[in-house]
There are 2 protein chains.
Amino acid sequence: MAPGARERILDTAFGLFYAHGPRGVGVDTIVAESGVAKATLYKHFPRKDDLVLAYLDRVDQVWFGQLRAAARTAGEDPRDQLVGLFDAVVRACRREGYHGCAFINAAAETDTATDVHARTVEHKAVVRAWVADLARRAGAADPQLLARQLTLLLDGALTAGVLDADPAAADGARRAARTLVAEATGGTW
Amino acid sequence: MAPGARERILDTAFGLFYAHGPRGVGVDTIVAESGVAKATLYKHFPRKDDLVLAYLDRVDQVWFGQLRAAARTAGEDPRDQLVGLFDAVVRACRREGYHGCAFINAAAETDTATDVHARTVEHKAVVRAWVADLARRAGAADPQLLARQLTLLLDGALTAGVLDADPAAADGARRAARTLVAEATGGTW
DNA sequence: ACGCTAGCAGACAGTTCTGTCTACCACCAC
DNA sequence: GTGGTGGTAGACAGAACTGTCTGCTAGCGT
């Protein structure tokens with residue numbers, strides 16, 4: 001009880017939604033697993049979609065935090081930070097129960113007109129804007145282009161990480177990122 | 001009747017599965033839409049999963065055909081062909097009703113131990129092997145690495161194409177491909 | 001003592017899903 | 001004409017789904 005019903009629901013939903021996809025988990029399962037009453041769940045999240053959106057918000061926080069940490073760890077040079085982003089991917093793919101990008105997975109099972117889809121687009125746009133800022137500070141000739149290319153690689157690597165357990169995927173992405181950053185900033189460093 | 005019930009079922013399933021994801025389409029819907037009797041559907045495809053796999057096989061044929069056509073159109077030089085692959089992505093993303101990579105979408109809503117997941121892994125491996133052969137003929141220092149990087153970009157671009165209608169995504173992927181191919185084959189051409 | 005808030009427990013309605021089954025029909029080979 | 005093949009039409013069972021509702025309990029501020 002101490003952590004409050006809302007947190008328990010979100011914790012449970014986080015694990016189940018990520019493992020099986022929002023559509024693959026019934027409300028009853030979340031109720032049973034979290035030990036919360038059904039009425040309580042529907043008080044906090046009137047519709048299942050509200051719970052899904054709260055789940056995605058949490059994923060956004062966690063994943064963005066990991067990206068920031070990876071960049072911070074990579075060093076002072078923004079170019080190193082851009083490449084360092086892919087350490088977050090490498091680490092994520094190695095994690096037990098890794099199942100790809102939660103946003104991509106969630107969007108894959110919804111129509112393009114839904115809130116879930118919109119939230120996914122928004123998340124990707126925010127990440128790309130942040131990468132573009134790094135690219136600008138790295139002195140890229142076209143920061144928007146470089147950010148676009150790196151986030152494409154990012155999404156590709158996140159997807160490949162679940163399809164193909166081979167860690168060569170994330171490593172290949174990292175090396176590709178280095179090549180693209182070098183090309184965009186005019187030479188190696 | 002002329003085209004046979006099996007084809008009618010597959011045609012209908014192809015459209016519906018791609019638009020809403022296999023899990024988002026009930027067997028009843030396919031029955032109604034294809035004008036086929038339920039018993040007939042279950043005679044040809046004893047389980048829904050069998051129909052999903054047949055759907056994926058058809059997607060594989062179609063998409064691989066488009067990749068091959070894009071490479072062929074790009075010219076004689078294997079390096080041009082590697083870059084030309086991304087024309088297939090550009091064209092796919094522009095198509096009305098584009099909804100991303102059918103394999104990635106299908107895999108996103110299944111467990112990793114399922115047939116659907118395995119078929120997806122297989123498809124991606126076949127495409128990558130084919131790209132690796134192109135990379136070898138293009139004289140890449142490490143064809144496996146280049147193929148890995150290009151297919152990462154491919155998957156990233158296919159995913160971005162549905163999340164973000166901006167055609168800059170596929171174009172960015174194309175330009176990144178050119179950079180990576182140049183780097184791997186030692187200089188521009 | 002009183003009322004308010006938060007929560008638990010579980011029945012319930014109504015829909016939708018997969019998969020099975022019965023009954024009938026049309027054609028074609030022999 | 002007779003039997004096999006492939007198809008239609010639709011009822012049906014059994015499960016799972018979302019969302020609602022009733023009743024009960026415990027704590028807490030005043």
Please give me the minimum heavy-atom distance between [X] and [Y], naming the atom from each residue.
X	Y	answer
Ala71(A)	Trp130(A)	CB-CH2, 4.0 Å
Glu109(A)	Arg23(B)	OE1-NH2, 3.4 Å
Leu152(B)	Ala169(A)	CD1-O, 3.4 Å

Open item on the list: Using whole Å, what does the distance between atom C1' of nucleotide dA16(D) and atom CG of Leu16(A) come to?
Closed with: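 So the CG-C1' distance, Leu16(A) to dA16(D), works out to 16 Å.
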
Task: Rounded interatomic separation in angstrom, taking NZ from Lys38(A) and P from dG23(D) - done: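 To the nearest whole Å, that distance equals 19 Å.
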
- [ ] Would you verify whether the NZ or CZ of Arg58(B) falls within 45 degrees of the ring axis of Trp63(B) while also being under 6.0 Å from that six-membered ring's centre?
- [x]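 Cation-pi check for Arg58(B) and Trp63(B): fails.
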
- [ ] Mark yes or no: Arg68(B) above the aromatic ring of Phe64(B), with NZ or CZ under 6.0 Å from the six-membered ring centre and no more than 45 degrees from the axis.
- [x]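 Verdict for Phe64(B): a cation-pi partner in Arg68(B).
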
Open item on the list: Could you check whether Asp164(A) pairs with Arg148(B) (Lys NZ or Arg NE/NH1/NH2 to Asp/Glu carboxylate O, under 4.0 Å)?
Closed with: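 So Asp164(A) pairs with Arg148(B) through a salt bridge.
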
Task: Interface with DNA chain D, restricted to residues 40-48 of chain A and to heavy atoms under 4.0 Å - done: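 Under 4.0 Å from DNA chain D: Tyr42(A), Arg47(A), Lys48(A).
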
- [ ] Name every residue in residues 19-32 of chain A that has at least one heavy atom under 4.0 Å from any atom of DNA chain D, in order of residue number, or write none if there are no such residues.
- [x]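 Hits under 4.0 Å, by residue number: Val25(A), Gly26(A), Val27(A), Asp28(A).
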
Open item on the list: Can you list, in residue-number order, the parts of residues 110-120 of chain B that come under 4.0 Å of DNA chain C, counting heavy atoms only?
Closed with: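 Of all residues in residues 110-120 of chain B, none places a heavy atom under 4.0 Å from DNA chain C.
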
Give a yes or no on whether the backbone of [Y] and the side-chain of [X] come within a donor-acceptor separation of less than 3.5 Å.
X	Y	answer
Thr114(A)	Thr110(A)	no
Asp166(B)	Ala168(B)	yes
Tyr18(B)	Gly100(B)	yes

TODO: Check whether more than 12 heavy atoms from other residues, nucleotides or ligands sit under 6.0 Å from atom CZ of Arg47(A), and answer yes or no.
DONE: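 For Arg47(A), atom CZ is not crowded (no more than 12 foreign heavy atoms under 6.0 Å).
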
